[in-house]
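Count residues from 1 along the sequence.
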Amino acid sequence: MIGIKELANQIDHTLLRADATEKELRQLCQEADRYGFKMVAINSFPVKQCREFLQDSSVHVGAAIGFPLGQTTIATKVFEVQDAIKNGADEIDYVINIGKLKAGDNEYINEEMSAIVKAARAGGILSKVILENCYLTDEEKVTVCEIARAIKPDFVKTSTGFGTGGATLADVALMKKVVGEEVKVKAAGGIRDLTTALAMIEAGAERLGTSSGIQIIEEYKERFV
């Protein structure tokens with residue numbers, strides 16, 4: 001059974017709404033620090049602000065890149081990564097160009113992933129590749145994961161949470177089967193309770209993206225502590 005500290009340390013505490021205020025972002029950071037979450041998952045603009053809020057904390061600041069559609073150029077995504085690093089990001093989660101994948105342009109997906117992972121590594125930060133599985137066939141999911149297994153970002157991730165569907169146990173298991181021990185899996189989207197969180201971890205996820213982290217940890221306390 002996973003311990004409460006270990007569970008908390010696998011949670012990316014998320015606030016990606018367009019109308020998020022400075023007060024809400026400060027609260028997000030305070031909550032992440034108090035509960036021992038791994039990261040605050042935010043858009044690129046408030047990275048510097050959240051870094052300041054968390055300056056004395058071990059909580060990472062994670063920037064969402066090309067979010068939520070993935071429909072910006074490689075150069076734009078790379079610049080956004082570099083800008084996020086300059087502003088204090090410890091991690092990035094970027095959305096692949098879904099249209100290019102659907103068109104069968106695997107070379108583009110490879111080029112994009114290589115460039116973004118290289119930029120993240122140059123800045124000494126972790127990288128996560130968002131597939132947005134709700135729009136993909138299993139074959140397309142496998143294709144991206146095979147590319148990732150070769151390029152080795154730190155994580156492949158199921159979803160943005162802004163698509164038509166979120167993480168599923170089947171997707172997490174499939175992604176983990178393909179990437180093996182070379183890359184970790186992050187499940188995100190629709191993880192709102194402890195049962196779902198534990199099931200995702202059992203299926204192979206090593207990081208959970210959720211705006212319900214506090215509820216999940218409080219539920220753990222009620223059930224097991």
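- Tracing side-chain contacts under 4.5 Å through hydrophobic residues (I, L, V, M, F, W, Y), one reaches L194 starting from I217; they form part of the same cluster.
- Considering only heavy atoms from C-beta on, V178 comes within 4.5 Å of E146 through its side chain.
- Distance check, rounded to the nearest 0.5 Å: CD of E218 to CD1 of I216 gives 11.5 Å.
- Looking at every heavy atom in both residues, C29 comes nearest to V40 through CA-CG1, 4.2 Å.
- Atom CD1 in I65 sits 9.5 Å away from atom CG in N43 (nearest 0.5 Å).
- By the rule that hydrophobic residues join a cluster once side-chain heavy atoms approach within less than 4.5 Å of another member, V179 and I130 end up as members of one cluster.
- Using a 3.5 Å distance cut-off with no hydrogens or angles, the side chains of Q215 and E219 do not pair a donor with an acceptor.
- Residues T143 and L136 fail the side-chain proximity criterion, which asks for heavy atoms closer than 4.5 Å.
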Stepwise salt bridge (Lys or Arg N to Asp or Glu O under 4.0 Å) test for E80 and K77
CA-CA 5 Å; E80 195 176 0; K77 290 178 183 177; over 6 Å; no
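- Although no hydrogens or angles enter the test, the distance criterion places no donor-acceptor pair under 3.5 Å between the side chain of D154 and the main chain of K128.
- Closest approach of D19 to R17, counting heavy atoms only: OD1-NE, 2.7 Å.
- By the criterion of side-chain heavy atoms lying less than 4.5 angstrom apart, applied directly or through intervening Ile, Leu, Val, Met, Phe, Trp or Tyr residues, M175 is grouped together with I98 in one hydrophobic cluster.
- F155 and L16 fall into different hydrophobic clusters, where Ile, Leu, Val, Met, Phe, Trp and Tyr are joined by side-chain heavy atoms under 4.5 Å apart, directly or via other members.
- Atom NZ of K5 has 12 or fewer neighbouring heavy atoms from other residues, nucleotides or ligands inside a 6.0 Å radius.
- Distance check, rounded to the nearest 0.5 Å: NZ of K157 to CD1 of I96 gives 13.0 Å.
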Using residues 66-74 as the side-chain source, report each donor-acceptor pair under 3.5 Å to any protein atom, sequence neighbours left out, with the distance given to one decimal.
| unit_1 | atom_1 | unit_2 | atom_2 | d |
| --- | --- | --- | --- | --- |
| Q71 | NE2 | N97 | OD1 | 3.3 |
| T73 | OG1 | T76 | N | 3.0 |
| T73 | OG1 | T76 | OG1 | 2.7 |

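- Minimum heavy-atom separation, A120 to I92: CB-CG1, 4.4 Å.
- Between the SG atom of C145 and the NZ atom of K177 there is a distance of 12.0 Å, given to the nearest 0.5 Å.
- Side-chain contact check for H13 versus Y35: every heavy-atom pair is 4.5 Å or farther apart.
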Where do R207 and E91 land on the salt bridge (Lys or Arg N to Asp or Glu O under 4.0 Å) test, with the steps shown first?
CA-CA 13 Å; R207 196 78 74 86; E91 306 189 16; 3.0 Å; yes
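- Counting all heavy atoms, side chain and backbone alike, A167 lies closest to S159 at N-OG, 3.5 Å.
- Using a 4.5 Å cut-off on side-chain heavy atoms (C-beta onward), I116 and V78 make contact.
- Surrounding NZ of K102 are more than 12 heavy atoms belonging to other residues, nucleotides or ligands, all under 6.0 Å away.
- Using a 4.5 Å heavy-atom threshold, the side chains of T168 and N133 count as separate.
- V47 approaches A84 most closely through the heavy-atom pair CG1-O, 3.7 Å.
- Here the closest heavy-atom approach between residue L54 and residue V61 is recorded as CD1-CG2, 3.9 Å.
- A side-chain contact (heavy atoms from CB on, under 4.5 Å) with F37 is found for one member of N9, I214, T14 and no other, namely I214.
- To the nearest 0.5 Å, atoms CG (L101) and OH (Y135) are separated by 14.0 Å.
- Checking K176, K186, M200 one by one against E206, the side-chain contact (heavy atoms from CB on, under 4.5 Å) holds for a single residue, K176.
- Hydrophobic clustering (ILVMFWY, side-chain heavy atoms < 4.5 Å, transitive): V156 and I201 are in one cluster.
- Distance check: M1 CE to L198 CG gives 5.0 Å after rounding to the nearest 0.5 Å.
- Side chain of S211 to backbone of L15: no donor-acceptor contact under 3.5 angstrom is found.
- No more than 12 heavy atoms of other residues, nucleotides or ligands shown are found within 6.0 angstrom of CZ on R192.
- Using a 4.5 Å heavy-atom cutoff, the side chains of I4 and K221 are in contact.
- Within a 6.0 Å radius of CZ in F224, more than 12 heavy atoms belonging to other residues, nucleotides or ligands are found.
- When side chains are defined from C-beta on, L169 does not count as touching E202, because their heavy atoms never get closer than 4.5 Å.
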